[in-house]
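Being a predicted model, the structure only gives us computed values, none of them experimental.
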Amino acid sequence: MASVNPNLSPLTEGETVRDYKHASRTFVDNNYELQPRFSNLFHVVFEFTAEAATLFNTIEQLEIPILVKSVDLPTYTVDVQTHNQYNRKVQSHHSMNYNPIVVRFHDDAKELIRNMWHKYYIYYNADSTYDLDSNSYTAYDKYSNRVQQQWGMQRGNKRFFKNIKIYSMNNHKFAEYTLINPIITAFNHDSHAYANGGLMENTMQLAYETVKYATGYVNNITPRGFADIHYDVETSDLSTTNTDTEAFINGETVSVAGQKPKDLFQGNVIGVIKDAEIVYNETRLNTGNIITDTLSIFANNLLTGKKSTSNILVPVTGLVENVANKFAGNITDGIANTATGIATGIISSQGQSIQKTNSTPVTSETQIGFAKTVPRVDATVSNANNISDVTQYFSNLVGKK
């Protein structure tokens with residue numbers, strides 16, 4: 001049968017009409033895992049302290065996140081200083097600053113956001129807590145008695161917000177940012193203008209102490225309050241199951257009901273090894289030089305009172321400890337324990353024993369090789385020896401000072 005429109009005939013042959021394979025392989029494969037997030041898919045949860053939570057009912061706590069118009073994700077400024085290392089410029093970290101974020105709310109007719117700010121306002125500040133008819137705000141002579149004595153910030157050491165959780169959501173998953181101990185640094189009401197027909201908003205700026213990262217799946221418990229009120233939760237007629245608690249994982253639909261967010265910090269990352277000065281490549285850990293250097297640092301740390309594995313950074317936590325422990329018996333022979341001050345073995349010099357323990361001093365020159373003096377070991381806590389205090393030995397004589 002002839003085609004109704006001859007111009008359409010090429011469409012039936014080969015891959016004339018198709019998507020771009022590069023974009024498809026990048027952004028569609030594995031359930032869109034590399035797809036960029038959409039800025040309008042987010043949810044914010046305000047968690048109040050136990051004391052502040054009593055100021056809101058359950059409905060208000062669920063409605064406040066719905067009125068968030070926009071929110072900034074956390075940003076950081078790292079204090080990096082440049083040093084001149086023999087005419088070579090070297091940078092080093094010194095501190096990390098958490099930049100304030102801004103949350104914008106709709107100025108709702110219910111006055112929910114305005115009331116939230118007012119509760120925060122009087123939670124700390126006593127200035128607006130008195131009746132206008134009580135003469136509390138009368139301008140008094142400096143010698144007159146005041147009607148009220150409490151003014152200004154009265155509860156600066158209290159916390160209103162426990163934390164604020166921001167969820168970036170996409171394809172039934174979310175990335176969670178938890179701002180720890182946030183505090184309001186600025187709050188702005190909007191302005192009125194007859195020439196402006198736009199919607200009004202309230203703007204809140206927040207400072208915070210640190211940020212926790214987590215990831216998870218949208219389900220019946222997380223994010224808290226999401227789709228619990230004022231949302232259309234009616235299931236489509238085309239769906240045969242409850243998709244609210246299901247996610248597409250590894251090529252199949254899996255129930256994620258009751259799953260809690262997974263903290264990205266699992267306690268086994270490189271960052272937990274502090275004071276790192278040497279970074280080793282994992283592929284070089286089996287070479288003799290690397291092991292020798294590691295053992296040298298290990299021994300030096302014992303002598304200087306540091307943790308045995310400090311200043312050693314490797315890609316796999318525990319590898320240095322395993323290497324060090326393997327050779328620890330040879331390394332630590334004769335090294336004094338810095339915590340007790342007692343040597344762990346016999347120290348020899350030129351084939352002669354020069355020291356056993358602090359409690360067993362040498363008694364003749366045959367124990368100290370060709371040396372004639374050793375440090376004095378008769379000190380007490382109240383009468384410590386000086387560095388220059390020594391005991392001198394002569395042939396066949398015991399301890400003449």
I'd like to know if the side chain of [X] pairs up with that of [Y] as donor and acceptor (distance under 3.5 Å, no hydrogens or angles considered).
{"X": "T75", "Y": "N99", "result": "yes"}
{"X": "D79", "Y": "H94", "result": "no"}
{"X": "Q81", "Y": "S92", "result": "no"}
{"X": "T178", "Y": "N163", "result": "no"}
{"X": "E63", "Y": "H230", "result": "yes"}

Does the ring center of [X] lie less than 6.0 Å from the ring center of [Y]?
{"X": "Y98", "Y": "Y76", "value": "yes"}
{"X": "H189", "Y": "F187", "value": "yes"}
{"X": "Y123", "Y": "W117", "value": "no"}
{"X": "Y120", "Y": "F46", "value": "no"}
{"X": "H172", "Y": "Y217", "value": "no"}

Cationic N near anionic O, under 4.0 Å, D107 to R114: no
[atom1]-[atom2] distance between [X] and [Y], expressed to the nearest 0.5 angstrom:
{"X": "M200", "Y": "I113", "atom1": "CE", "atom2": "CD1", "value": "14.0 Å"}
{"X": "L67", "Y": "D108", "atom1": "CG", "atom2": "CG", "value": "5.0 Å"}
{"X": "K165", "Y": "E47", "atom1": "NZ", "atom2": "CD", "value": "5.0 Å"}
{"X": "T129", "Y": "I122", "atom1": "OG1", "atom2": "CD1", "value": "7.5 Å"}
{"X": "N188", "Y": "N202", "atom1": "CG", "atom2": "CG", "value": "9.0 Å"}
{"X": "K69", "Y": "H106", "atom1": "NZ", "atom2": "NE2", "value": "6.0 Å"}

Please indicate whether F38 has more than 12 foreign heavy atoms, meaning atoms of other residues, nucleotides or ligands, lying under 6.0 Å from its CZ.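 It does not: F38 CZ has 12 such atoms or fewer within range.
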Quick check: are there more than 12 heavy atoms from other residues, nucleotides or ligands sitting under 6.0 Å from NE2 of H93?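 Not buried by this count: 12 neighbours or fewer within 6.0 Å.
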Whether the side chain of [X] engages the backbone of [Y] through a donor-acceptor N/O pair (distance < 3.5 Å, no angle test) should be reported.
{"X": "D72", "Y": "V102", "answer": "yes"}
{"X": "N125", "Y": "Y121", "answer": "no"}
{"X": "Y124", "Y": "K158", "answer": "yes"}

Closest approach of I164 to P182 (non-hydrogen atoms, all atoms of both residues):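 Closest approach of I164 to P182: CG1-CG, 3.7 Å.
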K162 to F48, cation-pi by 6.0 Å centre distance and 45° axis angle: no
For Y177 and L73, what are the C-alpha separation, side-chain angles and deciding distance, and is it a side-chain contact (heavy atoms from CB on, under 4.5 Å)? CA-CA 8 Å; Y177 306 82; L73 291 177; 3.6 Å; yes
